[in-house]
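On a predicted model such as this, the values are computed, not experimentally measured, just so you know. Side chains included, hydrogens not; waters and symmetry mates left out as well; all remaining heavy atoms used.
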Amino acid sequence: MMARLLVTLLLTSLLSACALHPPVTVTDPARLTQWLAEGKMGLRVADRGGNLYFTWQQDGARYTLTLSGPMGAGRTELSGTPDGVVLRNGDIGDITASSPEVLLEAVTGYSAPVSHLAHWLKAQPATLEARIERDAEGRAREIAEDGWIATFMDWDATYPVLPRKILITGPDTRLTVVVTGWQPESSVTTTPPPPAP
């Protein structure tokens with residue numbers, strides 16, 4: 001009797017969750033303003049390299065990027081708005097900067113177009129000067145801009161216009177991004193229409 005009750009409660013909660021959060025159909029990733037992506041990054045700079053787990057949460061112009069090693073080691077959080085960014089790490093404390101590029105150079109002495117990554121994660125260009133090659137389905141096969149190339153090697157089966165694997169190459173740098181989970185939310189459903197005059 002107790003087991004049947006537990007199964008009923010579990011099924012009811014699952015059905016309720018499905019009703020409250022129906023799957024989002026993504027047709028134009030450029031219109032996504034709220035989304036969450038998580039996965040792994042493999043970074044190689046010159047002769048150094050390593051792997052990180054990441055969670056990227058975007059909410060309009062605000063974002064939070066969380067990075068960690070295996071078992072959550074070295075957890076670092078980067079929070080950004082149009083006004084600046086804050087890096088939080090248990091070992092080095094909080095560091096603020098006007099942009100993620102300035103922050104990266106201050107912390108590592110290395111420069112890279114970090115701001116472009118939010119666009120490349122959605123297979124979108126970050127600048128008007130980008131050169132884009134497309135596949136037979138109209139998706140970006142490669143985006144080249146600011147001396148960097150993002151190559152889209154695989155696509156998410158649930159959201160086939162969002163990439164699953166991206167190879168980003170630049171000066172002495174190779175970054176492989178594998179997105180293991182997408183949680184997109186269309187801006188059409190989250191942004192209320194303007195009030196009538």
Side-chain angles (χ1 to χ4, degrees), residues 24-45 52-67 76-87 97-105 108 110-135 137-171 173-191:
V24 173
T25 301
V26 181
T27 56
D28 182 5
R31 299 186 67 189
L32 287 177
T33 61
Q34 292 183 314
W35 48 270
L36 184 144
E38 55 188 357
K40 293 192 296 184
M41 295 181 178
L43 176 64
R44 178 155 294 279
V45 179
L52 292 168
Y53 294 93
F54 78 91
T55 300
W56 188 303
Q57 186 165 10
Q58 190 82 26
D59 184 3
R62 299 176 179 272
Y63 63 88
T64 301
L65 171 62
T66 305
L67 301 167
T76 299
E77 184 178 283
L78 181 69
S79 301
T81 70
D83 298 323
V85 294
V86 180
L87 182 144
S98 58
S99 74
E101 286 78 13
V102 171
L103 181 63
L104 179 68
E105 192 157 7
T108 68
Y110 183 73
S111 61
V114 184
S115 299
H116 291 6
L117 188 56
H119 300 273
W120 293 341
L121 277 174
K122 301 187 297 175
Q124 297 294 305
T127 67
L128 295 175
E129 293 75 28
R131 177 182 56 79
I132 308 172
E133 293 182 10
R134 299 191 180 277
D135 62 17
E137 298 182 40
R139 302 174 301 197
R141 186 199 318 273
E142 183 179 284
I143 297 176
E145 52 191 330
D146 291 339
W148 294 74
I149 298 175
T151 304
F152 304 93
M153 307 176 70
D154 195 15
W155 299 87
D156 189 279
T158 305
Y159 307 103
V161 295
L162 294 172
R164 194 185 77 85
K165 185 175 182 180
I166 312 166
L167 175 62
I168 299 168
T169 54
T173 304
R174 179 186 178 96
L175 174 65
T176 303
V177 181
V178 177
V179 181
T180 56
W182 270 110
Q183 294 180 37
E185 189 171 342
S186 172
S187 60
V188 175
T189 61
T190 58
T191 304

From CG (Leu117) to CZ (Phe54), nearest 0.5 Å:
7.5 Å
Main chain of Leu52, side chain of Lys40: is a donor-acceptor contact present, judged purely on distance under 3.5 Å?
no
Run the numbers on Thr127 and His116 for side chain to side chain contact (heavy atoms under 4.5 Å, CB included), then give the verdict.
CA-CA 8 Å; Thr127 67; His116 291 6; 4.0 Å; yes
May I ask you to test the Trp182-Lys122 pair for a side-chain heavy-atom distance under 4.5 Å?
yes
Nearest heavy-atom contact between Pro125 and Ile143 is N-CD1, 3.6 Å
Test Arg164 against every option in Asp154, Thr180, Thr158 by the side chain to side chain donor-acceptor pair (under 3.5 Å) rule and name the one that passes.
Asp154
Interatomic distance, Thr176 atom OG1 to Leu167 atom CG [nearest 0.5 angstrom]:
5.0 Å
For Ala140 versus Ala123, what's the shortest heavy-atom pair and its separation?
CB-O, 3.9 Å
Just wondering, do Tyr63 and Ser79 contact through their side chains at under 4.5 Å, heavy atoms?
no
Side-chain donor or acceptor of Glu145 paired with backbone N/O of Ala126 under 3.5 Å:
yes
Closest approach of Asp135 and Arg141, non-hydrogen atoms and distance?
CA-NH2, 3.4 Å
Rounded distance (nearest 0.5 Å) linking atom CD of Glu137 with atom CH2 of Trp155
9.0 Å
How about Thr27 and Val161: do any of their side-chain heavy atoms sit closer than 4.5 Å?
no
Between CD on residue Gln58 and CG on residue Leu32, distance to nearest 0.5 Å:
10.0 Å
Minimum heavy-atom separation for Val85 to Gly80, with atom names?
CG1-CA, 3.8 Å
Under a 4.0 Å threshold between the charged nitrogen and the carboxylate oxygen, would Glu142 count as salt-bridged to Arg134?
no
Which atoms form the tightest heavy-atom contact between Ile166 and Ala150, and what is the distance?
CG2-CB, 4.3 Å
Less than 4.5 Å apart, side chain to side chain, heavy atoms only: is that true for Thr66 and Thr76?
no
Could you give the distance from CZ (Arg174) to CG (Leu43), rounded to the nearest 0.5 Å?
11.5 Å
For Trp35, does its backbone N or O pair with a side-chain atom of Gln183 as donor and acceptor, under 3.5 Å?
no
Donor on one side chain, acceptor on other, Glu77 and Thr64, under 3.5 Å:
no
Any sub-3.5 Å donor-acceptor pair from Asp156's side-chain atoms to Pro160's backbone N or O?
no
Separation between CG of Leu162 and CD of Gln124, rounded to the nearest 0.5 Å:
9.0 Å
Does any non-hydrogen side-chain atom of Ile168 lie less than 4.5 Å from one of Trp148?
yes
Of Leu103, Leu67, Val86, which is the lone residue that meets side chain to side chain contact (heavy atoms under 4.5 Å, CB included) with Leu78?
Leu103
Nearest atoms (heavy-atom pairs only) where Ala118 meets Trp56:
CB-CZ2, 3.5 Å
Could you tell me whether the side chain of Asp59 and the main chain of Arg62 form a donor-acceptor pair under 3.5 Å?
no
Can you tell me if Glu101 uses its side chain to pair, donor with acceptor, with the backbone of Val114 under 3.5 Å?
yes
